[in-house]
Amino acid sequence: MSSIAMTSFYNPVVVGVFSAGTGAGFITAPLYYTAMTTWFCVSSEKTTVTVAFLVVLNLLFYALMERKHNRSTSLKSECDCFSSAQYEKVEENEDEGKEKTDPSPRLLTTEEKLQAIKQICPTILCVVISWMSEFLVTQGVITTYAFPNSPFPPRDHYQYYITLFLLGEFIGRSYLALISLINQELIPKVTVHKLWLLTIIEVGILVFCLFAAWYRFLPDITYLLIISFLAGLIIGIMYANVLQVFTDSYEFPMREFVLGFVAVATGMGILIAGLLGLVVEPFFRKHCMTITDLSQYCFTRTDPNAISKITASCQH
């Protein structure tokens with residue numbers, strides 16, 4: 001939450017770079033995990049331990065950013081560009097004098113905050129519904145759908161679903177940052193302001209996956225891999241654009257306030273999806289086992305009750 005809000009202290013282009021950075025992290029993690037556990041036959045426990053130290057980099061990069069930000073601020077204050085200019089004293093009223101001597105930014109009133117919340121409520125609702133749909137698909141629906149004619153075992157299906165999903169999310173989160181590198185003036189033209197359209201698409205993907213997992217009418221895994229990629233692409237575009245829309249629509253300090261609600265909305269959507277997934281996944285898994293004799297194709301993730309010393313594709 002604080003990381004998103006902090007982008008308001010920097011150049012507006014930072015918000016696009018932040019979005020791209022989160023997308024890069026999302027695709028790097030599953031690629032690394034899939035490669036280590038599926039291709040190089042390293043256990044999931046050892047794979048997780050090898051990247052545990054990376055959380056320290058958050059503090060390191062934060063310190064570097066603050067150092068650079070403070071340095072640029074001090075350089076501006078020490079600038080003697082107008083040292084040779086002649087000054088003439090002008091009268092100023094008491095309020096202006098207070099404004100100049102008070103270095104702290106203006107604090108938002110309760111009324112201003114409530115008004116801002118009222119304005120962003122429709123967008124926040126779209127974000128909640130989109131994230132709920134996304135996480136329910138990836139954590140409670142496609143986890144119950146594997147294909148006997150696939151070239152890899154059931155457990156590895158989920159790895160490829162998530163990898164394709166997060167590849168799409170990386171592209172969606174990064175496209176505004178890439179366009180800004182080419183021509184920053186194109187950003188307003190490619191920004192999606194009607195975010196509810198993206199929400200409708202994401203909900204449509206959820207409905208399709210629910211029917212597909214229940215009736216199991218897809219002929220092979222190719223279609224579900226494409227759907228996974230498309231779902232990630234849409235949610236990535238949604239994330240990048242909601243940050244961009246809020247950045248363009250509000251000035252500091254209001255921008256800092258409304259950007260914080262993006263994290264609140266995504267977290268709320270994830271929470272709702274998690275609670276629904278506790279019911280949806282077992283229900284779909286039980287239904288799958290009643291209509292097929294191949295019960296191992298009714299669950300695509302590693303069994304949480306078993307400690308995996310070796311992955312499914314390495315057991316021979």
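All of these numbers come straight from a predicted model, not from anything done at the bench.
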What are the two closest non-hydrogen atoms of [X] and [Y], and how far apart are they?
X	Y	answer
V280	G140	CG1-O, 3.8 Å
P188	H193	O-NE2, 4.5 Å
I205	A231	CD1-CA, 3.7 Å
A213	V141	CB-CG1, 3.8 Å
F147	L218	CE2-O, 3.5 Å
I221	S150	CB-OG, 3.7 Å

At what distance, to the nearest 0.5 angstrom, does [atom1] of [X] lie from [atom2] of [Y]?
X	Y	atom1	atom2	answer
F284	H287	CZ	NE2	7.5 Å
T300	Y161	OG1	OH	6.0 Å
F211	L206	CZ	CG	10.5 Å
L198	C126	CG	SG	9.0 Å
I187	L176	CD1	CG	5.0 Å
I272	L136	CD1	CG	11.0 Å

Using the salt bridge (charged side-chain N to carboxylate O under 4.0 Å, His left out) rule, collect all pairs that involve residues 263-283, keeping only residues at least two apart or in two chains.
E281-R301
So, using ring-ring contact (aromatic ring centres under 6.0 Å, His included) as the criterion, who are the partners of Y160 when residues are at least two apart?
F152
Do [X] and [Y] share a hydrophobic cluster, counting only Ile, Leu, Val, Met, Phe, Trp and Tyr and linking them when any side-chain heavy atoms are less than 4.5 Å apart?
X	Y	answer
L294	F299	no
L197	V127	no
M268	L275	no
L278	W131	no
I237	I200	no

Is it true that a side-chain atom of Y175 and a backbone atom of V190 form a donor plus acceptor pair closer than 3.5 Å?
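Checked: pair present.
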Can any side-chain N or O of T292 pair as donor or acceptor with the backbone N or O of C288 at less than 3.5 Å?
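Here the side-chain-to-backbone pair does not exist.
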Can you pull out every side-chain hydrogen bond (donor to acceptor under 3.5 Å, both in side chains) where at least one residue sits in residues 204-233? Sequence neighbours excluded, please.
D220-T222
Among all residues two or more places apart in sequence or in another chain, which pass the side-chain hydrogen bond (donor to acceptor under 3.5 Å, both in side chains) test with Y297?
none
Go through the side-chain N and O atoms of T199 and S130 and say whether any donor and acceptor fall under 3.5 Å apart.
yes
Verify whether one side chain among Y239 and T266 offers a donor that lies under 3.5 Å from an acceptor in the other.
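No - no donor-acceptor pair under 3.5 Å links their side chains.
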What's the verdict on side-chain contact (heavy atoms from CB on, under 4.5 Å) for F165 and V137, showing C-alpha distance, side-chain angles and the deciding distance?
CA-CA 10 Å; F165 174 86; V137 167; over 6 Å; no
Is any side-chain heavy atom of E169 closer than 4.5 Å to one of E134?
yes
Applying side-chain contact (heavy atoms from CB on, under 4.5 Å), can you list everything that pairs with I120, at least two apart in sequence or on another chain?
I124, F246, Y250, V258, F261
Just jot down the side-chain contact (heavy atoms from CB on, under 4.5 Å) partners of K189, sequence neighbours excluded, or say none.
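In terms of side-chain contact (heavy atoms from CB on, under 4.5 Å), with neighbours along the sequence ignored, K189 is linked to L186.
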